[in-house]
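Structure first, then comments.
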2 protein chains.
Amino acid sequence: MTKNIPVPSLKRLPNYYHIVCQALESGEKFISSATIARILDIDDTQVRKDIAATGYVGKPKVGFDTKEFKEHLEDFLGFNKTKEAFLVGAGNLGIALAKYDGFRKYGLEILAVFDNDPHKIGIKIGKKEVFPISKLHDLVKRMKVQVAILTVPSEFAQDVTYFLIESGIKAIWNFAPVNLKVPEDVLVRNQDLAANFVVFSTLLSEKRRSPDTLI
Amino acid sequence: MTKNIPVPSLKRLPNYYHIVCQALESGEKFISSATIARILDIDDTQVRKDIAATGYVGKPKVGFDTKEFKEHLEDFLGFNKTKEAFLVGAGNLGIALAKYDGFRKYGLEILAVFDNDPHKIGIKIGKKEVFPISKLHDLVKRMKVQVAILTVPSEFAQDVTYFLIESGIKAIWNFAPVNLKVPEDVLVRNQDLAANFVVFSTLLSEKRRSPDTLI
DNA sequence: TAGATTGTTAATCGATTAACAATC
DNA sequence: TAGATTGTTAATCGATTAACAATC
């Protein structure tokens, strides 16, 4: 088995992807690690190490082929593989995410939205119908969905999580600012936007640049 | 000058905050570093180190006073200091963020929303009015706002950024999945939700747990 | 007191950076 | 060829973990 890419490297890859996309749009055939490094204000050796960790090889003297490298990153990061998910909680944020177009480019597809509010059930968010949460169990089984995006209010997050797990969900992208209790085999990724802002704002008040540009 | 807290420690603090809030709600007077560590699946020494870095001291034999520690974290992370910001781009995500209630608890206040779409100008999002972007320059000066939350479509992000900087904005929380070019003295924090999902999903496919629970 | 927990010093680990040979 | 850039090994740096004394 090939060695797993280090998490810090993995987190920088989407940045490289953005840069290589922009370079490609400007008609640049090749891009050097030094150029990428300058844009992100990091070390160029690190860029090369990260790229090497994805298995892509550049051309000495010229750099990395933008088109090839872009496609390699899409492959490595799985943009072409559809990742199906259910979204639970049709509040403001939930609706925004359900409508958000940018996910498709990365291969994330929200199949359906769930909520408990009778007023919301049956309405369409973009092309997605809102179902009652009671239907989630069946639909998880039927559609074999493993991932849930959790956008319910904090106070319901843990109870809904128990229900998601009972229904067979194996991974939760959690937007509620709470620590969810889950069994060993369930993966949670927290996405506390407010907390992210707090980190940003603390660095700001200390006049420090965050070393990790993204995520 | 006291030493800056390491960024990894800083990123864990909101987690500690959530946990200590939950402990306080359950009526627990004290919480130990081992308990926090177990919940987050990290080392207890690290928890103590992180807490020490904020300047808070616990009580040997009993642990950390939940009420005191919670308040200390609020202080350290600046929850009580209002951080005013303008939001630029009244699309789905922008509207969701403008309406989002959870920011206030952390001290973030969105003063106004800006957009270029004539249909949107003048409408209210919650209690915030939508202004034309042309008014941003004046309002930045008048209200002395330094922070902008950028939620415009990717293709406009760079141009809007130039305009924000001309207007005097010093920090940008960027939700557009692009690398913004900014001068040295302007701080950008990228919040590419889709990229975050990609990282999550890659770890998922490798059946790895992410070491950083939050952010 | 004994036991539990903090705070801190030392050891380890892994990521970043520096140096440089290989390549075209 | 000379020069630029990659790929890789070695050195450094900083974060994590282990060990343990101090404390109540």
Side-chain angles (χ1 to χ4, degrees), chain A residues 2-13 15-16 19-20 23 28-66 68-69 72-73 199 203 208-215, chain B residues 2-13 15-16 19-20 23 28-66 68-69 72-73 199 203 208-215:
Chain A
T2 56
K3 209 170 162 298
N4 277 338
I5 188 169
V7 172
S9 298
L10 179 59
K11 288 187 176 185
R12 283 187 290 269
L13 295 183
N15 277 316
Y16 301 169
I19 290 169
V20 80
E28 291 161 43
K29 289 264 184 291
F30 289 90
I31 191 163
S32 75
S33 56
T35 303
I36 296 174
R38 201 170 343 100
I39 293 171
L40 294 175
D41 200 21
I42 58 178
D43 196 275
D44 62 324
T45 307
Q46 190 164 69
V47 175
R48 291 198 294 280
K49 274 256 173 81
D50 291 343
I51 294 174
T54 71
Y56 189 67
V57 287
K59 288 191 187 24
K61 190 184 152 85
V62 282
F64 300 88
D65 182 307
T66 44
E68 246 182 53
F69 182 39
H72 176 82
L73 280 176
V199 169
L203 293 170
R208 283 202 272 171
R209 298 187 156 267
S210 174
D212 54 343
T213 321
L214 183 68
I215 302 178
Chain B
T2 56
K3 210 170 163 294
N4 277 338
I5 188 170
V7 172
S9 298
L10 179 60
K11 288 187 176 187
R12 283 187 290 268
L13 294 183
N15 276 318
Y16 300 169
I19 290 170
V20 81
E28 292 161 44
K29 288 263 184 294
F30 290 90
I31 190 164
S32 75
S33 56
T35 303
I36 296 174
R38 200 170 344 98
I39 293 172
L40 294 175
D41 198 21
I42 58 177
D43 197 275
D44 62 323
T45 307
Q46 191 164 69
V47 175
R48 291 198 294 279
K49 273 252 173 84
D50 291 343
I51 295 174
T54 71
Y56 188 66
V57 287
K59 289 194 184 21
K61 191 184 151 82
V62 283
F64 300 90
D65 183 306
T66 44
E68 244 182 56
F69 182 39
H72 176 83
L73 279 176
V199 169
L203 293 170
R208 283 202 270 169
R209 296 187 157 268
S210 173
D212 52 344
T213 320
L214 183 68
I215 300 180

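Throughout, protein chains are lettered first and strands after them, A, B, ... in sequence-line order, and every chain is numbered starting at 1.
Atom pair B:I31:CD1 and C:dT6:P shows a separation of 10 Å (rounding to whole Å applied). One atom, CD1 of A:I36, and another, P of D:dG7, lie 11 Å apart when rounded to the nearest Å. Atom C1' of nucleotide D:dG14 and atom CG of B:D50 are separated by 14 Å, given to the nearest angstrom. Put simply, CZ on B:R12 is 12 Å from C1' on D:dG14, counting in whole angstrom units. Counting to the nearest Å, the P atom of C:dG7 and the CZ atom of B:F69 are 10 Å from each other. Atom CD of B:E28 and atom P of C:dT5 are 13 Å apart (whole Å). Protein atom CG of B:N4 is 16 Å distant from nucleotide atom C1' of D:dA15, rounded to whole Å. B:I51 places its CD1 atom 13 Å from the P atom of C:dT8, with the value rounded to the nearest Å.
Pairs passing the salt bridge (Lys or Arg N to Asp or Glu O under 4.0 Å) check and including a residue from residues 56-66 of chain A, sequence neighbours excluded, do not occur.
B:V7 has its side chain within reach of A:L203: a pair of non-hydrogen atoms, C-beta onward, lies under 4.5 Å apart. Contact check for B:R12 versus B:I42: side-chain heavy atoms found under the 4.5 Å cut-off.
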> Step by step, would you call A:I51 with A:F69 a side chain to side chain contact (heavy atoms under 4.5 Å, CB included)?
Replying inline: CA-CA 9 Å; A:I51 294 174; A:F69 182 39; 3.7 Å; yes
> Going through the checks in order, is the side chain to side chain contact (heavy atoms under 4.5 Å, CB included) test met by B:V47 and B:L40?
Replying inline: CA-CA 10 Å; B:V47 175; B:L40 294 175; 5.8 Å; no
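Considering A:T54, A:I39, A:I36 in turn, A:I36 is the only one that fulfils the side-chain contact (heavy atoms from CB on, under 4.5 Å) rule with A:Y16.
For C:dT6, the paired base is D:dA21 (Watson-Crick or G-U wobble, both distances below 3.5 Å). Across the strands present, D:dT12 finds its partner in C:dA15; the criterion is a Watson-Crick or G-U wobble pair with both atom distances under 3.5 angstrom.
Considering only side-chain atoms of A:S32, the nucleotide from C:dT16, D:dT16, D:dT5 that sits closest is D:dT5.
Within the 4.0 angstrom heavy-atom criterion, only backbone atoms of the sugar-phosphate kind lie near A:S33; the bases stay farther away.
Within the model, atoms CD1 of A:I19 and OG1 of A:T66 stand 13.0 Å from one another, a figure rounded to the nearest 0.5 Å.
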> What does nucleotides 18-24 of chain D look like as a protein-contact string, B for base, S for sugar-phosphate only, - for none, at under 4.0 angstrom between heavy atoms?
Replying inline: BB---BB
